[in-house]
Visitor: 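Supplied in structure tokens, the structure appears directly below.
Here the structure is a predicted model, which is why all the values come from computation and not from measurement. Note that the numbering runs from 1 along the sequence shown for the chain. These numbers come from the heavy atoms of this one structure, side chains and all, not from hydrogens, waters or symmetry mates.
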Amino acid sequence: VRLATVGIQALKDGPADGNARQLVNDLLLRACVDYENGNRDVHADVVRVNYELLQQSHPDIFAKIGPVILDDYFNYNLHFTLSEALLSRIVSDYRTEKGPVADCILGAWVTGSQVTDTMVRADVKPSTGTARFDLVVDGRTKTDTTGRKSPATIFTKGNHTFTISKPLLFDGSGFATEEASMDVEVNNRTVGVSTKYDRIPILGGIAKSMARKEVQRKQYQAEGIAARKLAQRALPVFEAEANDQLVKANDSIQNELLQNLRDRGIAPAVYSARSSETHFAISSDR
């Protein structure tokens, strides 16, 4: 009944000629009914022939009827499943990058060095329409900096963590994506203070104490600025690199994997992709 309803509606929506009506009628009223009544191989062969003829000659009508036939008669003949752990191994990447620090924060000239470690993993998300997972970068940046603003010099060590998440969706034939987001947690620790009055008795101690209080007073604001600057540097680089890799992946799927299957006449006609909290699954059928 479901197949007949979809078939009649597909013909109404058109455009449908006599050949299309004949194919649909043969497929709906004869072959599938015969198969349901007898479950004979010959009836299954007739369903398959009409199915492929409709796909080749009337793709618009087939797009509406095909999924119903697939669900109720053919089912998917290829299932491919990846666990979150295996998917993480496939996308994993570990990097260590070193570089200088030279910036102006709250009027102080800050210089020094930084080391950033990053690790990429996959976080599979529940989805029924398409398979979905987040490409996640877990990072840690350690800094060793000197901030100078007369008359004081502040020595700081930082231990900052961040997480970048980029949603990816896979429909069985290619990836789509959404914009990445980034969370940053900044942790700076003052390890030393000096002033140009250090050698002056009493005044040197007062100047250091005032400098420490000023650092504490502006610490929250300074860490907020540092977090924004870290995000402004890291997020665009990650977005550009991830999008470039996705373009290459889609090109490889379409022009290498699927094209090879099409050349051999065994390319899937339909796909179904979905995901749970822990697994990423794809099904297909010709």
Side-chain angles (χ1 to χ4, degrees), residues 67 70-71 74-98 115-142 159-187 227 230-262 266-286:
L70 183 64
D71 289 341
F74 292 166
N75 210 337
Y76 295 95
N77 61 11
L78 174 64
H79 300 276
F80 189 72
T81 304
L82 286 173
S83 68
E84 184 175 272
L86 181 56
L87 188 58
S88 289
R89 290 181 62 183
I90 292 173
V91 303
S92 68
D93 186 20
Y94 183 84
R95 299 182 187 181
T96 297
E97 297 178 346
K98 301 178 181 180
V115 178
T116 299
D117 296 321
T118 56
M119 183 175 65
V120 181
R121 60 182 173 87
D123 182 13
V124 179
K125 300 292 186 180
S127 177
T128 54
T130 57
R132 181 185 180 99
F133 70 97
D134 287 353
L135 193 63
V136 180
V137 178
D138 296 314
R140 181 180 298 276
T141 297
K142 294 184 178 181
N159 187 10
H160 319 312
T161 58
F162 61 88
T163 301
I164 303 175
S165 297
K166 186 171 182 63
L168 301 179
L169 300 94
F170 188 70
D171 64 1
S173 61
F175 288 96
T177 184
E178 299 174 1
E179 289 187 4
S181 60
M182 183 174 182
D183 293 324
V184 183
E185 183 175 341
V186 173
N187 182 16
L230 181 58
Q232 289 168 357
R233 287 195 299 267
L235 194 55
V237 173
F238 171 75
E239 277 277 39
E241 185 171 335
N243 288 335
D244 181 62
Q245 291 300 319
L246 288 174
V247 169
K248 292 179 180 178
N250 283 336
D251 181 71
S252 178
I253 292 170
Q254 288 296 325
N255 297 322
E256 294 180 22
L257 174 61
L258 293 181
Q259 186 58 51
N260 286 336
L261 296 177
R262 285 191 288 267
I266 56 173
V270 291
Y271 305 90
S272 172
R274 61 224 173 268
S275 53
S276 65
E277 286 282 0
T278 59
H279 285 78
F280 180 99
I282 308 157
S283 302
S284 68
D285 189 87
R286 291 190 61 229

Visitor: Please check if the side chain of E178 supplies one atom and the backbone of L168 the other of a donor-acceptor pair under 3.5 Å.
Guide: no
Visitor: Mind checking what makes side-chain hydrogen bond (donor to acceptor under 3.5 Å, both in side chains) contact with K125, not counting sequence neighbours?
Guide: D123
Visitor: On a heavy-atom basis, which atom in E179 and which in E239 lie closest, and how many Å separate them?
Guide: CA-OE2, 3.5 Å
Visitor: Look up atom OG1 in T278 and atom CG in L87, then write down how far apart they are to the nearest 0.5 Å.
Guide: 11.5 Å
Visitor: Identify the two heavy atoms, one from R274 and one from A131, that lie closest to each other, and give their separation to 0.1 Å.
Guide: O-CB, 3.5 Å
Visitor: Please check if the side chain of D251 supplies one atom and the backbone of V247 the other of a donor-acceptor pair under 3.5 Å.
Guide: no
Visitor: Check whether the side chains of D183 and T163 place a donor and an acceptor atom closer than 3.5 Å, and report yes or no.
Guide: no
Visitor: Run the salt bridge (Lys or Arg N to Asp or Glu O under 4.0 Å) test on R89 and E84 for me, step by step, so that the C-alpha distance in whole Å, both residues' side-chain angles and the decisive distance to 0.1 Å come before the verdict.
Guide: CA-CA 9 Å; R89 290 181 62 183; E84 184 175 272; over 6 Å; no
Visitor: Flag the pair R95 and D117 as a salt bridge only when some basic side-chain nitrogen lies within less than 4.0 angstrom of an acidic carboxylate oxygen.
Guide: no
Visitor: At their closest point, which heavy atom of P236 faces which heavy atom of A231, and how far apart are they?
Guide: CD-O, 3.6 Å
Visitor: Determine whether R140 and T118 satisfy the following criterion, side-chain hydrogen bond (donor to acceptor under 3.5 Å, both in side chains), listing intermediate values before the conclusion.
Guide: CA-CA 7 Å; R140 181 180 298 276; T118 56; over 6 Å; no
Visitor: Hey, is CZ on R233 packed in by over 12 heavy atoms from elsewhere, all under 6.0 Å?
Guide: yes
Visitor: Mark yes or no for whether S252, through its side chain, and K248, through its backbone, hold a donor-acceptor pair below 3.5 Å.
Guide: no
Visitor: Counting N and O atoms only, with roles assigned by atom type, does the side chain of S275 sit under 3.5 Å from a partner on the main chain of R132, one being a donor and the other an acceptor?
Guide: yes
Visitor: Is the F175 ring parallel, tilted or perpendicular to the F133 ring (thresholds 30°, 60°)?
Guide: perpendicular
Visitor: Heavy-atom count around E185 CD within 6.0 Å, excluding the residue itself: above 12?
Guide: no
Visitor: I'd like to know if the side chain of H160 reaches the main chain of N187, judged simply by a donor and an acceptor atom lying under 3.5 Å from each other, with no hydrogens or angles considered.
Guide: yes
Visitor: Of V136, V137, N243, L235, which meets side-chain contact (heavy atoms from CB on, under 4.5 Å) against K166?
Guide: N243
Visitor: What are the two closest heavy atoms between V91 and R121, and how far apart are they?
Guide: CG2-C, 3.9 Å
Visitor: When rounded to the nearest 0.5 angstrom, what is the spacing between CG in N159 and OG1 in T161?
Guide: 7.5 Å
Visitor: Any side-chain donor paired with an acceptor under 3.5 Å for T141 and T116?
Guide: yes
Visitor: To check you understand the geometry: which heavy-atom pair defines the closest contact between T130 and F170, and what is its length?
Guide: CB-O, 3.6 Å
Visitor: Would you say the side chain of S92 lies within less than 4.5 Å of the side chain of M119, judging by non-hydrogen atoms?
Guide: no
Visitor: Go through the structure and list residues passing side-chain hydrogen bond (donor to acceptor under 3.5 Å, both in side chains) with S127, not counting sequence neighbours.
Guide: none
Visitor: Provide the closest heavy-atom pair for T177 versus P167 in the form atom of the first, atom of the second, distance.
Guide: OG1-O, 3.1 Å
Visitor: Could you tell me the separation between the OG1 atom of T81 and the CD1 atom of I282, rounded to the nearest 0.5 Å?
Guide: 8.5 Å
